[in-house]
Every structure is written in C-alpha cells, then in structure tokens.
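Reviewing the structure listed below.
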Amino acid sequence: MKRTHHCGELRRSDIGSTAILNGWIDSVRDHGGVLFVDLRDREGVTQVVFNPHRSDAISQTLHQLKPESVIVVKGSVTERENDAINPRLATGEVEVHAESWTMLNTSQTPPFPIEDLKGDRVNEDLRLTYRYLDLRRPKNLAVLKRRHRACKIIRDYMDEEGFIEVETPMLFKSTPEGAREYLVPSRVNPGEFYALAQSPQQFKQMLMVAGVERYFQLARCFRDEDGRADRQPEFTQVDLEMSFIDREDMYALIEGMMQRLWKGLLDVDLDLPFERLSYEDAMNNYGSDRPDRRFGLKLADLNDIFKGSHFNVFNRVIESGGHVKAINAKGLSDITEGELKYLTDMATAMGAKGLAFIRARKNGPWKSPILKFFSDAEIAALRERMEIEEGDLVFFMAAGWERACSILGKVRLEAAELLRKRGKLAIDPSVWDFFWVIEFPLMVFDDEADRFVSAHHPFTAPLVEDRHLLDEDPKLARGQHYDLVLNGMELGGGSIRIHQPDLQQKVFEEVLQLPKEVIEDRFGYMVNAFRYGAPPHGGIALGLDRIVGLLCGTGSIRDVIAFPKTQRGQCLMSSSPGPVTEKQLRDLHIRSRVVEKPRR
RNA sequence: GGGGUAGUAGCUCAGUUUGGUUAGAGCGCCGGCCUGUCACGCCGGAGGCCGCGAGUUCGAGUCUCGUCUAUCCCGCCA
C-alpha cells in the first residue's frame with residue numbers, strides 16, 4: 001500500500017475519497033466500542049477512527065496499536081460532526097475511517113514523551129541520548145525544515161549575486177596562533193598531523209588569487225575550545241570572499257542576505273542599511289564590541305568630573321591615562337547582598353580591584369563605601385551626569401580604558417538581567433537590532449606573550465588613513481574589519497584583506513614579530529601567491545547556527561543542530577569520542593599517555 | 001583550569017530547612033470497563049542503588065567531604 005497523502009494534508013474537499021496514510025501513532029484513545037488514533041508524520045497529524053464492529057479482522061488487532069509504532073492505514077475520508085471538529089488540527093474537519101491497516105514496525109515505550117510541550121521539559125542529556133526520538137517532536141522537525149529553508153535562501157541569493165560554491169579541505173595544517181585545533185595524525189607521514197580547519201580562511205583567499213572572484217560555502221569549521229550555549233566544537237559558517245570590492249559592497253551584500261532571510265522565514269521587513277558603530281563608540285557606551293542595544297543602561301565617562309579629585313583611587317587612574325566609567329542600574333537599589341557579591345566577584349575575576357557603587361535608597365541617604373571621599377561639587381556633578389534618582393544603583397570602574405569599559409559592560413548585562421527578573425526591564429521580542437561594528441584596532445597588545453597579536457587575524461588590511469601608524473604606533477592602527485551584530489550577539493565578522501605581499505610580510509615580521517622561519521613555514525605560500533597578481537579582496541564568515549537559532553527563537557544552537565555535542569564535546573547518542581585499539585594507534589605512529597581508560 | 005545550578009519511579013517534580021514508622025504526586029506503563037474522543041473518562045496494579053563513594057550518627061533521600069554527569073558563566077574562541 002503506497003501512501004496517497006501526508007498526515008497534514010487531508011481537508012474538507014477530500015471527503016468521500018479513500019486515503020492511505022503512513023505514520024507514527026501519536027496517541028491512542030480507546031473507547032471500547034470505538035478507538036481513535038492520532039497518526040503523525042513529518043507534515044502533521046490526522047485522526048484515524050477504528051471501529052471494531054466494522055470487521056472482526058480489525059477488532060482482533062487493535063490491541064497492537066501503541067504510541068510510536070509505525071503503521072500504514074487505508075480508509076475513507078469522512079466529515080466530522082460539528083461538535084467533533086478539532087479546530088487546533090489543520091486536518092481537524094475530517095477523519096479517516098480505517099478499513100484496513102498493517103503494522104510496519106512496533107515501538108518500545110519511549111523513554112520520554114514525544115510531545116512538544118512535555119518534551120521540552122525533559123532533561124537535555126536524555127533527549128540527546130535518544131536524539132532520533134527527540135527530533136520526532138514536531139517542533140524539532142520544524143527546526144530542521146527551517147534550517148533547510150535558510151540554507152536554500154542563502155544559496156539562491158548567493159547564486160543570484162554571482163557567487164560560486166566551492167568546497168575547501170577540512171584536513172588542513174595546524175595554525176597555532178588561532179583557536180585550539182583538532183589534530184589528525186597522518187598514517188603515511190609518520191609523526192605529522194593535519195588539523196581540522198577552524199575556517200576556510202586561507203583557502204578562500206587563494207581562490208581569490210585563482211580568479212574565482214566570488215566564492216561562498218556553507219563550511220563546517222572545527223574548534224577545540226570549551227563549549228557555550230552558542231558554541232559547538234563543529235559548527236557551520238556562511239563563508240564568502242569577493243574580489244575588487246570595498247567595505248560598502250560587503251555591507252550591502254550581507255544586508256540583502258539578512259533582509260531576504262528575515263522576510264522569507266519570519267515575514268519581517270528589515271530596514272536597510274544597518275547602522276554602523278565604531279568599536280570605540282560601542283565600548284564607550286555599552287562596554288562591549290557586540291552590544292545589546294535593546295535596553296539603555298549606557299556607560300558614562302567621568303574623567304572630566306574626577307580629574308584632580310581628592311579621591312586618589314580615581315585621580316591616580318586618570319593621571320596614568322586610564323578612565324573612570326560608571327553605569328546607573330536604574331531601579332536596582334534593592335539589590336541583595338548575594339547579587340552584589342556575585343557582581344563584585346565577576347568584576348574581580350575580570351581583573352577589577354573591586355566594584356564601587358552608590359545605592360540611592362528609597363527613604364534614606366545614599367549608601368556607598370566611596371561617597372565619603374567625594375566633594376560636594378563632585379556629588380552634584382555625578383547626580384546630574386548619571387541622572388541619579390531614588391531607587392537607583394550606580395556602579396563605578398576605574399581602570400585602563402578598555403578594561404574599565406568591558407568590565408562595566410558585563411555589569412551592565414548582569415544588571416539588566418537582575419532588573420528583568422524583577423519585572424523592571426522588558427525586551428521587546430519583535431526588535432531585530434542589526435548593526436555593524438567597525439574600525440576595530442588592528443592589533444592588541446598581549447600581556448602574556450609580551451607582543452602585539454592580531455585582533456582579528458593577520459590578513460586584515462589596515463584602514464588606508466591608518467597605514468602609516470604601522471610604523472609609528474601600531475596599537476593605534478585600525479583595521480578594515482567589520483562585525484555583524486544582532487541583539488547583542490556576534491553573527492559574524494570579516495575584513496578587507498591585505499593583498500600586497502610586502503605589506504603582508506611587514507605585518508608578520510615587524511608588527512606581530514613572528515620569526516622568519518615561522519612565517520615561511522606557515523604563511524610562505526600565501527605571501528608567495530600574492531606575488532602572482534593577487535586581486536584586492538575581502539570576505540566575511542557568518543555563524544549559520546546562530547542565525548538559524550535566532551530565526552527559530554531557541555536559546556541554544558544545540559537546538560538547531562541535528563546531532564549536537566555536549567559541553568564536553570561528546571555525542572551522547574553515538575558515544576563519541578571513544579577509545580581506539582592499540583593497533584590503530586600503532587598504525588598512526590602515536591602512543592596514548594592515558595594509562596587508564598576514562599570511565600563513562 | 002575556576003565559579004554557580006541541577007541529579008529522588010520510564011518522564012516531570014515534592015520530600016532536604018528541623019536526620020526518625022512502609023519515600024509520595026501527576027503523567028506514562030500493565031490489566032479491566034467504556035461507541036465520539038482529541039490532555040478522553042472510570043476501576044485496579046506494577047514500578048525506587050533517593051547519581052556514585054566515603055564519613056558523622058543508635059539511625060542519612062535529608063548533615064559533612066570527595067567524585068561523576070549535564071547545564072550556565074569566567075578563562076579560552078587568530
């Protein structure tokens with residue numbers, strides 16, 4: 001019996017016809033004389049009615065109907081009586097009266113309910129162990145469909161824009177200055193290793209040298225870093241690169257892609273172009289290079305107020321070139337001791353010496369460990385600048401500019417969360433705050449390594465007007481780098497690249513101070529390639545999992561990956577990673593130092 | 001590597017504050033009844049290494065220490 005319809009298909013117009021359905025038994029309601037089965041497939045649910053009085057053949061077998069078993073059923077499509085119509089079901093105006101049915105496969109009782117609402121509350125590790133059952137839930141199948149839709153929209157759009165999809169190797173070589181990598185031992189090259197590509201970066205630039213002009217790929221990338229809700233050890237990037245373009249071309253291209261995605265999947269019209277925010281402004285106002293601007297609580301700079309202050313802690317920082325910044329967590333003066341300690345611990349963990357505050361209590365004087373050091377003029381200026389009212393809580397941070405900003409930026413997010421829990425701050429879920437963050441510093445000084453390291457990667461071109469700074473004061477040079485941010489989340493980033501071999505060599509040698517043989521070994525082929533007529537080019541990589549996660553309204557990208565890994569990088573369903581045999585290791589010319597196998 | 005939260009029946013949880021009889025509920029499961037349900041209803045039943053291991057105690061689901069797992073965060077993510 002071949003299926004004639006999917007379970008979400010039958011309508012009033014089908015009444016009178018005969019239908020054959022395949023599917024899983026969603027629920028059974030046995031009334032003795034009549035038995036209702038909700039039959040489910042990937043397209044929906046149809047009610048099938050079994051009447052034991054119709055035939056003995058059917059009545060003999062009805063006890064076999066159990067949830068999650070797979071059946072094929074043939075029957076007549078029948079109108080439902082008025083009071084039997086189920087308005088919550090797309091097929092709710094009809095039902096199929098079974099004439100015959102066959103069990104295709106029985107199911108054991110599932111370990112958790114295959115339902116959208118109840119299933120959501122089940123422990124995630126159990127659901128991941130039985131991911132094939134978890135994915136059966138309509139809401140999860142809908143996510144897979146939605147991800148497919150997003151990919152199709154992206155591919156169609158890129159095709160229209162003249163891009164060629166090219167696959168690049170996943171087996172690459174180790175590039176230790178980036179993220180930690182997954183190493184793959186080479187059997188035929190004893191003692192040597194591949195690394196799984198953390199991105200197709202170098203290959204896509206070579207494609208530009210090759211004259212591809214417009215490349216894209218939905219590229220799987222691998223990074224052996226610790227997990228987060230928005231990170232997986234393997235993830236997918238919308239990776240692309242273009243020749244003969246400037247930053248404006250890139251902005252327009254990506255904005256068009258986002259517009260098409262949001263229209264196609266959410267029927268939301270995005271306003272173009274997206275705003276652009278300099279790194280400096282983002283840090284100054286929000287303390288983050290990917291600020292969530294859907295709520296206020298902006299940072300303020302207090303250097304002008306406290307310059308020459310008698311409060312030495314502030315004055316000393318200002319005189320040594322640092323900044324005093326503050327944030328008013330409006331309405332949070334009822335913060336608990338525990339919450340305050342949490343914020344302070346967080347700030348000190350990020351390198352703060354402490355977290356000074358003023359509590360403008362209701363019905364009482366301000367409470368603060370530092371207020372006594374302030375002059376009356378300073379207090380008055382502070383009250384005006386920070387717009388302090390009863391019930392407010394103001395946090396201070398005095399440190400180097402970047403550190404002061406980023407610590408208060410984190411305090412800002414936590415304070416917003418505390419306010420949200422109290423019902424004093426609400427974020428409109430219909431707001432899509434897209435914007436570009438631009439003019440990042442090209443490099444940052446790494447205290448640990450005692451040298452400059454690339455803020456993005458060493459192939460990012462400096463702003464034309466900042467190029468002379470590479471010689472004069474590298475830390476002031478800004479790069480032609482851009483990050484796409486949405487609602488406080490980094491969706492992706494990229495840059496216009498260096499295409500001149502001399503400049504690239506200079507960045508490696510003089511700015512990043514990499515040894516010559518390291519440059520030659522790791523990047524020699526790139527610099528060499530640039531000597532053969534490399535076109536000016538630039539690119540970007542967007543986190544597809546994050547984008548789909550936002551389009552699906554899920555909190556974690558695990559929800560939009562068919563078979564995700566846990567925070568420790570394990571697949572609970574297939575139990576990977578797992579041990580290998582001694583022979584396998586020998587063939588690969590490696591020896592494990594772990595004597596006892598880890599218990600699982 | 002560090003900090004927080006959680007772990008009790010197949011699932012979701014209560015019980016832990018103040019140690020004390022036989023560890024409970026809802027859903028699911030099994031059996032019976034029921035011809036219009038769609039969270040069907042009614043009757044009955046089975047089901048527990050209270051994550052694991054030590055310790056304190058006459059006595060531990062409950063207190064202490066350790067450990068494992070998941071998750072959130074910091075570090076990390078060119």
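FYI, side chains are in, hydrogens and waters are out, and symmetry mates aren't considered; it's all heavy atoms of this structure. Just so it is clear, the model here is predicted, and its values are computed rather than measured. Chain letters run A, B, ... following the sequence lines, proteins first, then strands; residues in each count from 1.
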Determine the Euclidean distance between corresponding C1' atoms of rC68(B) and rA23(B); express it in Å to zero decimal places.
-> 24 Å
Does R568(A) have a side-chain nitrogen or oxygen under 4.0 Å from the phosphate oxygens OP1 or OP2 of rA70(B)?
-> yes
Could you give the distance separating rU64(B) and rG26(B) at their P atoms, to the nearest angstrom?
-> 32 Å
Please list all pairs passing the side chain to side chain donor-acceptor pair (under 3.5 Å) test where one or both residues lie in residues 513-524 of chain A, with sequence neighbours left out.
-> E177(A)-R522(A)
Tell me which donor-acceptor pairs under 3.5 Å the side chains of residues 348-356 of chain A have, and how far apart each pair is, sequence neighbours excluded?
unit_1: T348(A); atom_1: OG1; unit_2: T344(A); atom_2: O; d: 2.9
unit_1: T348(A); atom_1: OG1; unit_2: D345(A); atom_2: O; d: 2.9

Which whole number of Å gives the distance between the P atom of rA54(B) and that of rG45(B)?
-> 37 Å
Pairs touching residues 509-528 of chain A that satisfy ring pair (Phe, Tyr, Trp, His ring centres under 6.0 Å), sequence neighbours left out = F459(A)-F523(A), F508(A)-F523(A)
With a 4.0 Å cut-off on heavy atoms, is R223(A) in touch with a base, just the backbone sugar-phosphate, or nothing at all?
-> sugar-phosphate
Ring centroid separation F530(A) to H499(A) under 6.0 Å | no
Mind checking the CZ-CD1 spacing from R412(A) to I407(A)? Nearest 0.5 Å is all I need.
-> 16.0 Å
For R180(A), answer base if it contacts any base atom (sugar-phosphate contacts may also be present), sugar-phosphate if it contacts only those atoms, and nothing otherwise; contact means non-hydrogen atoms under 4.0 Å.
-> nothing
Between rG59(B) and rU22(B), how far is it from one P atom to the other, in whole Å?
-> 16 Å
Check every atom of rU69(B), rC38(B), rG75(B) against the side chain of D125(A) and return the nucleotide holding the closest atom.
-> rU69(B)
Interatomic distance at C1', rC76(B) relative to rG53(B), whole Å = 33 Å
Of residues 476-485 of chain A, the positions that come close to RNA chain B - non-hydrogen atoms, cut-off under 4.0 Å = none
Donor on one side chain, acceptor on other, T61(A) and W101(A), under 3.5 Å | yes
Rounded to whole angstrom, note down the P distance from rC50(B) over to rA60(B).
-> 13 Å
Does D14(A) have any salt bridge (Lys or Arg N to Asp or Glu O under 4.0 Å) partners at least two apart in sequence or in another chain, and if so, which?
-> none
At under 4.0 Å, does any side-chain N or O of T566(A) touch on OP1 or OP2 of rA70(B)?
-> yes
Between M350(A) and G178(A), which is nearer to the 5' end of RNA chain B once each is assigned its nearest nucleotide?
-> M350(A)
Distance in angstrom units between R403(A) CZ and rC74(B) P, rounded | 16 Å
Residues at least two apart in sequence or cross-chain that pass salt bridge (Lys or Arg N to Asp or Glu O under 4.0 Å) with R294(A), listed by chain then number, are D292(A)
Below 4.0 angstrom from OP1 or OP2 of rU69(B), is there any side-chain N or O of Q570(A)?
-> no
Whole-Å C1' distance, rU8(B) and rU62(B) | 11 Å
Partners passing side chain to side chain contact (heavy atoms under 4.5 Å, CB included) against T236(A) (at least two apart in sequence or in another chain) = R147(A), L218(A), R220(A), L544(A), D545(A)
With sequence neighbours left out, the residues meeting side-chain hydrogen bond (donor to acceptor under 3.5 Å, both in side chains) with R137(A) are D120(A), D134(A)
Phosphate OP1/OP2 of rC74(B): any R228(A) side-chain N/O under 4.0 Å | yes
Check: N22(A) and D41(A) side chains under 4.5 Å, non-hydrogen atoms = no
Looking across every strand, which nucleic acid part, if any, lies under 4.0 Å from R558(A) by heavy atom: base, sugar-phosphate, or nothing?
-> sugar-phosphate
F459(A) or V28(A): which one's nearest nucleotide on RNA chain B is closer to the 5' end?
-> V28(A)
In Watson-Crick or G-U wobble terms, with both distances under 3.5 Å, the base opposite rA70(B) is rU5(B)
Atom pairs under 3.5 Å: protein N/O with N/O of nucleotides 30-36 of chain B:
unit_1: rC34(B); atom_1: N3; unit_2: D30(A); atom_2: O; d: 3.0
unit_1: rC34(B); atom_1: N3; unit_2: G32(A); atom_2: N; d: 3.3
unit_1: rC34(B); atom_1: N4; unit_2: D30(A); atom_2: O; d: 3.4
unit_1: rC34(B); atom_1: N4; unit_2: D30(A); atom_2: OD1; d: 3.4
unit_1: rC34(B); atom_1: N4; unit_2: G32(A); atom_2: N; d: 3.4
unit_1: rU35(B); atom_1: OP2; unit_2: G33(A); atom_2: N; d: 3.1
unit_1: rG36(B); atom_1: N1; unit_2: E95(A); atom_2: OE2; d: 2.8
unit_1: rG36(B); atom_1: N2; unit_2: E95(A); atom_2: OE1; d: 2.5
unit_1: rG36(B); atom_1: N2; unit_2: E95(A); atom_2: OE2; d: 2.9

Show each protein N/O and nucleotides 9-11 of chain B N/O combination with a separation under 3.5 Å, one pair to a line.
unit_1: rG10(B); atom_1: O2'; unit_2: P111(A); atom_2: O; d: 2.6

Who are the ring pair (Phe, Tyr, Trp, His ring centres under 6.0 Å) partners of H537(A), not counting sequence neighbours?
-> none
Partners meeting salt bridge (Lys or Arg N to Asp or Glu O under 4.0 Å) with D466(A) (sequence neighbours left out) = R478(A)
Tell me what T175(A) touches on the nucleic acid: a base, only sugar-phosphate, or nothing, going by heavy atoms under 4.0 Å.
-> nothing
When you compare rA25(B) with rC34(B), how far apart are their P atoms, in angstrom units rounded to a whole number?
-> 28 Å
